[in-house]
Amino acid sequence: MNYNVDDKGYYGEFGGAFIPEMLYPNVENLRQQYLKIMAEPSFKEEFDQLLKDYVGRPSPLYFAKRLSQEYNTKIYLKREDLNHTGAHKVNNTIGQILMAKRLGKSRIIAETGAGQHGVATATVCALMGMECIVYMGEIDIARQAPNVARMKMLGAEVRPALSGSKTLKDATNEAIRDWINNPVDTHYIIGSAIGPHPYPDMVTRFQSVISEEIKWQLKEKEGKENPDYVIACVGGGSNAAGTYYHFLHEEEVGIIAVEAAGKGVDSGESAATSVLGKMGIIHGCKTLLMQTADGQITEPYSISAGLDYPGVGPMHAHLYKTGRAEFIPVTDDQAMQAGMVLSKLEGIIPAIESSHAFAVLDTKKFKPEDVVVINLSGRGDKDLNTYIEYFKL
Amino acid sequence: MNRIHQKLQENKKLLSIYFTAGYPSLNDTAKTIKELEENGVDMIEIGLPFSDPLADGPTIQASSTQALKNGMTTELLFQQLGDIRELVSIPLIIMGYFNPILQFGVEKFCQKCQEVGVDGLILPDLPLDVYQDQYEPILKKYGLVNIFLITPQTSDERILQIDAASDGFIYMVSSASVTGSQEGFGNQQENYFKRIANMNLKNPQIVGFGISNAETFQQATKTAKGAIIGSAFIKHLSKNGTDTIGDFVKGILKN
Ligand SMILES: Cc1ncc(COP(=O)(O)O)c(C=O)c1O
């Protein structure tokens, strides 16, 4: 079984590029160029150097002793929360800004939900002196004020998405419309492993540095490259794709994907796409997505803005369909409690997205000798208000 | 012969009008179509509303949102069109994003189109290669003409590919934009219109996006076979409802 993208841009039956003709020249050009550009020695050199000196990579692989004792198994944390800007998102934006420069683009657009990808994009645009416009749902702008301020300080223009449900999916629609209106000078930096081919594969490759590092770091610490399990939360699927990438074809490594169940999978307020979704087309990609019987895309819910996406990246849809990955839904409450446990036991306050991954420790039993790597995709600073309200701190 | 082919043979410039089914009121569909034909419109695009219309500007987005709020569905559209061929004889084309059609079932959708007398489809997010790989035989089986888009950025090579794959007309998007964002045509469009005219394509071209009045209709049809008005008509409907459709059409065709 192949879990990577095929020549036509599909992962099994998922993926492809379902885009209006207006986007064809840009997406096709990207498709033809992205692998060539990524393989250029000068690109690799610049990418690696920025990841090292600017982002602070490699991110540590940390053995969480007290957490391991608590759950009676060997738990390692991949510390993406220690990256500059506080999450894994910057791995992708560094890669894509270098790509945009080589494609001769001078103007950058992006969508953002919680604001993490928006901040990561505004950051690399400041770094490269490029114009940056970030689309963000009007509702998200109101509930993520600190990240909006960060983007502004970094020189980006934050444009409210006023259509539809005024959240992440609508911000993505607006970014795509902007690209249709500005086909010549603009590159669209998508923030997750979603969108038309080649985006899911390109984003996955930029994020794959996560599993590349896990391999040699684990070798140093455990004397073997492969853990028994890798665990990551899945919104669109970029941190998960990066965490799994070098283990996809290592059958002995169990892959666990954690989805946001919101108030419960059957509550009507959930973002557990693998369970609730059906095959369909969203943002140029054929994948599992939450929709009505009539094919209208519905609005998901999660306490975590970063997991609040009605679709899932096509690679993950394929991992689900083939059974290569185990998908586990985690509710708001389970995630919040897990975030508190990690804070108390390890002195690390996680992003609520990442807290979802840790909640698996409460629902799934691991053996004492199992080596379990959890991707800690981001830090909790941005979520302090939600933690304060939830725990009445 | 398909009504679209027949219409394209008429020796005149064609006016095509787009509206969103279920807008402004849920059951306006048949009335709108009838009024448009009575007032001299040559062809109609019936928009099947979608929650996430990527290629549309604010006007058509808002009409889609309202139509869905009104309760519009794919099933209901076919009910509304059930007797339409007793009322009108001009070509009817459904314009819709692919996901609702995929969920309805592509074959069932095409079969229903044939039953009620729809002549063609415009599916902006169904790309040429996927159409050819998977869906062309189904559309053909039910006598449906598939209409492809080209834009000022489309390469000559791809235009020729699209021309070869088309059997009807080519939908020529006037500028790099979503629907409804253009204010009149400048030099760039004139050059683009000329460039396409000089390619001597086998399919006639009908221009869409940014046509809003008699003047832009005239400009667009200098070289092209016809033009499509969408957002401007939706704006008219949102202000005046369906009672003064005739005034709108006369305003376009006054010369
Ligand atoms: C810290 C963090 N983790 C995870 C996600 C989810 O995105 P993805 O599934 O693409 O990794 C986000 C998105 O904003 C995030 O900020």
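Below, read A as the first sequence line, B as the second, and so on, with proteins coming before strands; counting in each chain starts at 1.
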*Pick one of side chain, backbone, both or neither for Leu102(B), based on which atoms fall under 4.5 Å of a heavy atom in chain A.*
side chain
_If you count heavy-atom pairs within less than 4.5 Å of chain A, which of Ile150(B), Leu126(B), Thr151(B) leads?_
Thr151(B)
*Thr65(B), Leu128(B), Val130(B): which one forms the most heavy-atom pairs within less than 4.5 Å of chain A?*
Val130(B)
*Part of Asp56(B) within contact of chain A (heavy atom distance under 4.5 Å)*: backbone
*Can you say whether Phe104(B) sits under 4.5 Å from chain A via the side chain, the backbone, both, or neither, judging by heavy atoms?*
neither
*asked:* With rounding to the nearest 0.5 angstrom, report the CG to CG distance, Leu54(B) to Asn173(A).
replied: 5.0 Å
*Side chain, backbone, both or neither: which part of Ile297(A) has an atom under 4.5 Å from a heavy atom of chain B?*
both
*Considering only heavy atoms and a distance below 4.5 Å, find which of Gly284(A), Gly280(A), Gly16(A), Ala293(A) pairs most often with chain B.*
Gly280(A)
_Under 4.5 Å from any heavy atom of chain B - which part of Gln291(A)_ = side chain
*Can you say whether Ile101(B) sits under 4.5 Å from chain A via the side chain, the backbone, both, or neither, judging by heavy atoms?*
neither
*Around atom CD of Glu136(B), are there more than 12 heavy atoms of other residues, nucleotides or ligands at under 6.0 Å?*
yes
*Pick from Thr154(B), Thr73(B), Leu123(B) with the largest number of heavy-atom pairs that fall under 4.5 Å of chain A*: Thr73(B)
*Answer whether the closest heavy-atom distance between the side chains of Val184(A) and Gln153(B) falls below 4.5 Å.*
yes
*Provide the closest heavy-atom pair for Asn99(B) versus Leu289(A) in the form atom of the first, atom of the second, distance.*
ND2-CD1, 4.4 Å
*Would Glu21(A) and Arg158(B) count as a salt bridge (charged side-chain N to carboxylate O under 4.0 Å, His left out) if you check the C-alpha gap in whole Å, the side-chain angles of each, and the deciding distance to 0.1 Å?*
CA-CA 10 Å; Glu21(A) 192 62 32; Arg158(B) 185 154 170 96; 2.6 Å; yes
*At what distance, to the nearest 0.5 angstrom, does CD1 of Ile282(A) lie from OG of Ser51(B)?*
8.0 Å
*Using a 4.5 Å cut-off on heavy atoms from C-beta on, say whether the side chain of Gln61(B) contacts that of Arg177(A).*
yes
*Would Phe98(B) and Lys286(A) count as a side-chain contact (heavy atoms from CB on, under 4.5 Å) if you check the C-alpha gap in whole Å, the side-chain angles of each, and the deciding distance to 0.1 Å?*
CA-CA 11 Å; Phe98(B) 195 49; Lys286(A) 191 185 246 191; 5.8 Å; no
*Under 4.5 Å from any heavy atom of chain A - which part of Ile162(B)*: side chain
*Check the surroundings of atom NZ in Lys202(B): do more than 12 heavy atoms from other residues, nucleotides or ligands lie under 6.0 Å from it?*
yes
*Winner by heavy-atom pair count (cut-off under 4.5 Å) against chain A, out of Gly57(B), Ala55(B), Pro100(B), Pro49(B)*: Pro100(B)
*Above 12 or not: heavy atoms from other molecules or residues under 6.0 Å from CG of Asp266(A)?*
no
_From Lys278(A) atom NZ to Gln103(B) atom CD, the distance as rounded to the nearest 0.5 Å_ = 4.5 Å
*asked:* Using 0.5 Å steps for rounding, measure from the OG atom of Ser175(B) to the CG atom of Asn181(A).
replied: 8.0 Å
*Apply the test side-chain contact (heavy atoms from CB on, under 4.5 Å) to residues Asp133(B) and Lys8(A): give CA-CA distance (whole Å), side-chain angles for both, the deciding distance (0.1 Å), then the verdict.*
CA-CA 12 Å; Asp133(B) 283 355; Lys8(A) 292 191 141 185; 3.2 Å; yes
_For Lys169(A) versus Asp52(B), what's the shortest heavy-atom pair and its separation?_
NZ-OD2, 2.8 Å
_Can you tell me which portion of Phe18(A) sits under 4.5 Å from chain B's heavy atoms? Options are side chain, backbone, both or neither._
both
_Residue Pro53(B) versus chain A: region with a heavy atom under 4.5 Å_ = both
